[in-house]
Each structure stands twice: as structure tokens, then as C-alpha cells.
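Written below as C-alpha cells is the structure these notes are about.
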Amino acid sequence: MTRDANAPCSWTSGIAVVIPSYKVTRHILGVLAAIGPEVDAVYCVDDACPDNSGEFIERNATDPRVRVLRNPHNQGVGGAMITGYQQAIADGATVIVKIDGDGQMDPALLPAFVAPILAGEADYTKGNRFWDLAQIRQMPLARRIGNLGLSFMAKASTGYWDVFDPTNGYTAIHARVAAMLPFNSISKRYFFETDILFRLNTVRAVVIDVPMDARYGDETSGLKASKIFFEFLFKHARNLGKRVGYNYFLRDLSLASLELLAAVLLLGFGLGFGGWHWANSVQSESATPVGTVMIATVAVVSGLQFLLAFFGYDIASVPRRPLSQLLARRPLIKRISHDE
């Protein structure tokens with residue numbers, strides 16, 4: 001029998017699992033049975049599933065830790081996760097783990113995702129199926145290529161240059177950090193995992209990869225690279241612009257900010273000036289003066305050097321100090337200030 005919706009959670013480890021449950025009736029009971037005793041609460045979110053996953057779980061699951069949540073309308077994996085996050089936070093969870101209900105994520109790996117967060121080494125952990133090169137062959141070639149491309153785009157847009165496999169959905173987050181996220185602004189469908197990384201960077205949360213093997217069963221992925229490539233490209237570009245604006249011009253003005261400005265101005269001038277004179281020379285069928293060519297060349301080369309310097313600074317500024325540890329001290333800081 002599953003847990004009553006109004007029954008309070010009894011926390012021991014503080015670990016909660018959220019499982020988006022959409023068309024997973026073939027696998028969900030096996031996933032639930034594999035979740036270890038270290039977990040205190042399991043939230044299965046029926047995202048307006050046409051197979052009535054929520055009812056199926058309530059009728060067949062015997063684990064008393066399981067609670068079914070329901071979204072009145074389908075919101076995608078992100079919308080289901082946000083529902084689960086909000087409920088777990090409200091119930092008092094410490095760490096919230098995301099596991100898919102299709103059987104492709106091994107619940108036995110959960111301690112490896114939770115340990116760095118409980119140890120105060122990270123705020124958010126995520127799986128990386130590219131860690132062991134020998135295991136990558138298990139991943140279908142199309143997914144392998146698609147994930148490589150998405151990973152490089154995600155590095156730039158999220159600012160986490162030291163993580164890979166951004167679409168990996170096996171994740172864990174500290175509840176204090178999750179509570180800071182703007183849930184109304186996070187993408188609710190396939191871009192959810194990458195968008196949440198961008199949001200985590202804006203609050204300077206520490207993210208680390210957890211090595212895991214690629215594991216595929218008989219489920220067909222709904223993520224088609226040909227359909228989402230341009231959508232993801234646009235969203236990555238948007239997030240990159242927001243991140244640069246937030247971190248280098250609104251919150252702080254560093255040497256990297258000036259390097260980026262110099263790069264934009266020099267590259268813009270060099271390409272514009274050089275392109276205009278090149279077009280004139282083609283139209284007039286005359287050679288461009290050497291001095292004009294040198295001015296454009298020097299501007300472009302200098303702009304590229306400033307741009308590389310900016311990227312060097314950006315790569316080196318990946319968050320290293322866990323935010324959850326700072327948030328844990330807030331009550332103490334307030335109390336000390338009050339006592340003084």
C-alpha cells in the first residue's frame with residue numbers, strides 16, 4: 001500500500017526520490033522494488049499519463065514510502081520534476097534524487113549521487129555516461145553523436161565547463177538549493193536538465209559528475225535530435241546571453257567583462273570594416289590597399305585574443321564552494337547578529 005497523501009514523512013536519511021511517471025507502467029514496479037532502504041520517501045508524479053500511471057502505482061505498489069502526485073495537465077518531465085521537488089521540499093527532505101521510471105537508471109547507484117551532497121562537496125550531482133570510454137559503445141550511435149554536440153553547447157550556456165552529458169536525467173540536488181530555483185521560469189520539457197544547470201550557475205551552485213554506465217532497455221527515447229536541434233540551439237544561445245549578462249555585467253564587473261567588451265568591439269569593427277572594403281574592391285574590381293587589410297586583420301586577431309582570454313577566465317570561474325553549506329549558516333548568522 002502506498003503512503004497516504006496527507007501522511008507526514010518520517011525522515012531518517014533525509015533522502016527523497018522523485019520519479020516522473022508517464023507511460024512507464026511496464027517498468028515502474030521494478031524500479032520501485034530496486035530502491036534501497038537508504039531512501040525515506042518516493043514521489044511518483046503522474047503527469048496526466050494516458051495509461052493512468054498514478055492509479056496503477058497506487059493499486060500495485062506495496063512500498064509504504066511511495067506517494068503518488070498528479071499534474072492535472074501534461075507538463076513534460078520538467079513539470080513533473082518541479083511538482084516532485086516542491087512537495088519534497090515542503091515535506092522536509094534534505095536531498096532529492098531524480099530517477100526515471102523506464103528502468104534505464106539503476107537505483108543501486110543512488111548512494112554515489114547522494115554522498116557528495118551529504119558530505120558538503122556538491123550542491124547538485126548528475127550522471128555522466130561518457131566517463132568510461134569502454135562503456136560508450138553501449139549507447140546507440142545517434143544518441144552518442146547527439147549528446148556530444150549538446151554537451152559542448154551546454155558547457156558554454158551553463159558555465160559548467162567541467163561537466164559532460166547534460167541531458168543525463170539521473171540527478172540529485174540539495175533541497176536548500178532546489179528551494180532557491182525559479183521553478184516558474186525553468187523549461188518544463190526536454191530542455192529541463194540543461195536549463196536547470198543554467199539556473200544553478202546563476203546562484204553559483206557546485207555541480208559534479210558521477211560516473212555511470214550507459215544502460216538501455218526496450219524503451220524508445222522521445223528525444224529526437226532532428227526535432228530539437230534548432231530549439232536547443234536557440235535556448236542555449238539565449239541562456240548564454242543571460243548568463244554572461246548576469247555574471248559579468250549585473251552582479252560583477254571584472255577584467256573578463258572588459259575583455260569581452262573589447263573582443264566584441266574589435267571583432268565587430270574588423271569584420272565590418274574589412275567586409276565593407278572587400279565588397280567595394282570586388283565591385284570596383286580593384287585591389288584593396290595593404291594598410292586597409294592590415295587594419296582589419298589586426299582588429300580581428302586582437303578581438304580573437306581578447307575573446308580567448310575571456311573564455312579562459314570563464315572556464316576558471318566554475319563554482320567551487322558549495323552553496324548548501326553557506327545556506328546552512330544563514331540561521332546562525334541571523335541569530336548572532338540579533339544577539340549582538
Side-chain angles (χ1 to χ4, degrees), residues 20 75-82 85 98 122-128 130 143 145-174 177-209 222-254 256-257 259-261 263-264 267-268 307-320 323:
Q75 301 179 38
V77 63
M81 281 306 302
I82 288 170
Y85 279 157
K98 173 183 178 290
D123 299 309
Y124 184 85
T125 57
K126 53 173 289 300
N128 183 353
F130 292 83
R143 290 192 184 187
I145 296 172
N147 274 284
L148 285 170
L150 290 172
S151 290
F152 285 114
M153 287 192 290
K155 285 175 180 287
S157 70
T158 67
Y160 289 108
W161 294 93
D162 55 348
V163 302
F164 211 69
D165 197 10
T167 60
N168 194 310
Y170 206 152
T171 66
I173 188 171
H174 199 291
V177 177
M180 294 187 66
L181 297 176
F183 290 131
N184 291 335
S185 301
I186 297 175
S187 179
K188 291 181 170 59
R189 297 198 178 272
Y190 290 125
F191 198 63
F192 170 74
E193 284 85 3
T194 308
D195 201 28
I196 203 170
L197 284 173
F198 159 69
R199 305 291 174 178
L200 288 167
N201 187 276
T202 63
V203 297
R204 305 301 293 166
V206 174
V207 175
I208 65 172
D209 276 344
L223 188 63
K224 304 297 183 183
S226 59
K227 294 182 178 180
I228 54 86
F229 177 79
F230 290 105
E231 177 189 351
F232 273 35
L233 185 63
F234 168 76
K235 289 182 177 179
H236 278 302
R238 179 199 62 192
N239 284 357
L240 174 61
K242 286 183 178 180
R243 182 176 71 82
V244 169
Y246 293 160
N247 291 349
Y248 293 99
F249 296 99
L250 291 179
R251 289 183 172 175
D252 193 14
L253 187 66
S254 63
S257 308
E259 289 170 342
L260 181 59
L261 283 175
V264 171
L267 286 171
L307 186 62
L308 289 174
F310 167 78
F311 276 118
Y313 183 96
D314 191 51
I315 291 171
S317 65
V318 172
R320 302 295 182 190
L323 178 63

Would you give the length of the straight line joining atom CD of Glu231 to atom NE2 of His236, rounded to the nearest 0.5 angstrom? 10.0 Å
Contact summary for Asp165 and Lys126, nearest pair of heavy atoms: O-NZ, 3.1 Å
Which residues pass the salt bridge (Lys or Arg N to Asp or Glu O under 4.0 Å) test with Asp252, sequence neighbours left out? none
Per-pair distances, 0.1 Å, donor-acceptor, side chain in residues 191-201, under 3.5 Å, sequence neighbours excluded:
residue, atom, partner, partner atom, Å
Asp195, OD1, Asn239, ND2, 3.1
Asp195, OD2, Ser187, N, 2.8
Arg199, NH2, Ser185, O, 3.1
Asn201, OD1, Asn247, ND2, 3.0
Asn201, ND2, Thr158, O, 3.1

Closest non-hydrogen atom pair between Tyr248 and Ser257, with its separation: O-OG, 2.5 Å
Give, for atom OH of Tyr170 and atom NZ of Lys98, the distance between the pair rounded to the nearest 0.5 Å. 10.5 Å
Minimum heavy-atom separation for Pro20 to Met81, with atom names? CG-SD, 3.7 Å
Looking only at non-hydrogen atoms, find the nearest pair between Trp161 and Val318 and report the distance. N-CG2, 3.9 Å
Do the non-hydrogen side-chain atoms of Leu181 and Ile186 ever get within less than 4.5 Å of each other? yes
Tell me the closest heavy-atom pair linking Ser317 and Arg204, and the distance in Å. O-NH2, 2.6 Å
Determine whether the aromatic ring centres of residues Phe232 and Tyr190 are separated by less than 6.0 angstrom. no
Within the 4.5 Å heavy-atom criterion, are Phe164 and Asp209 side-chain neighbours or not? yes
Take atom CZ of Phe183 as the centre, draw a 6.0 Å sphere, and report whether it contains more than 12 heavy atoms from other residues, nucleotides or ligands. yes
Please report the closest heavy-atom contact between Arg189 and Val77, naming both atoms and the distance. O-CG1, 3.5 Å
Just by distance, do the side chain of Asp123 and the backbone of Ile173 share a donor-acceptor pair under 3.5 Å? no
Say you draw a straight line from CG of Leu323 to NE2 of His174; how long is it, rounded to the nearest 0.5 Å? 9.5 Å
Are the side chain of Lys235 and the backbone N or O of Phe230 linked by a donor-acceptor pair below 3.5 Å? no
With salt bridge (charged side-chain N to carboxylate O under 4.0 Å, His left out) as the test, would you mind laying out the steps for Asp314 and Lys155 before giving the verdict? CA-CA 11 Å; Asp314 191 51; Lys155 285 175 180 287; over 6 Å; no
Kindly say whether Ser157 contributes a backbone atom to a donor-acceptor pair with the side chain of Lys242 at under 3.5 angstrom? no
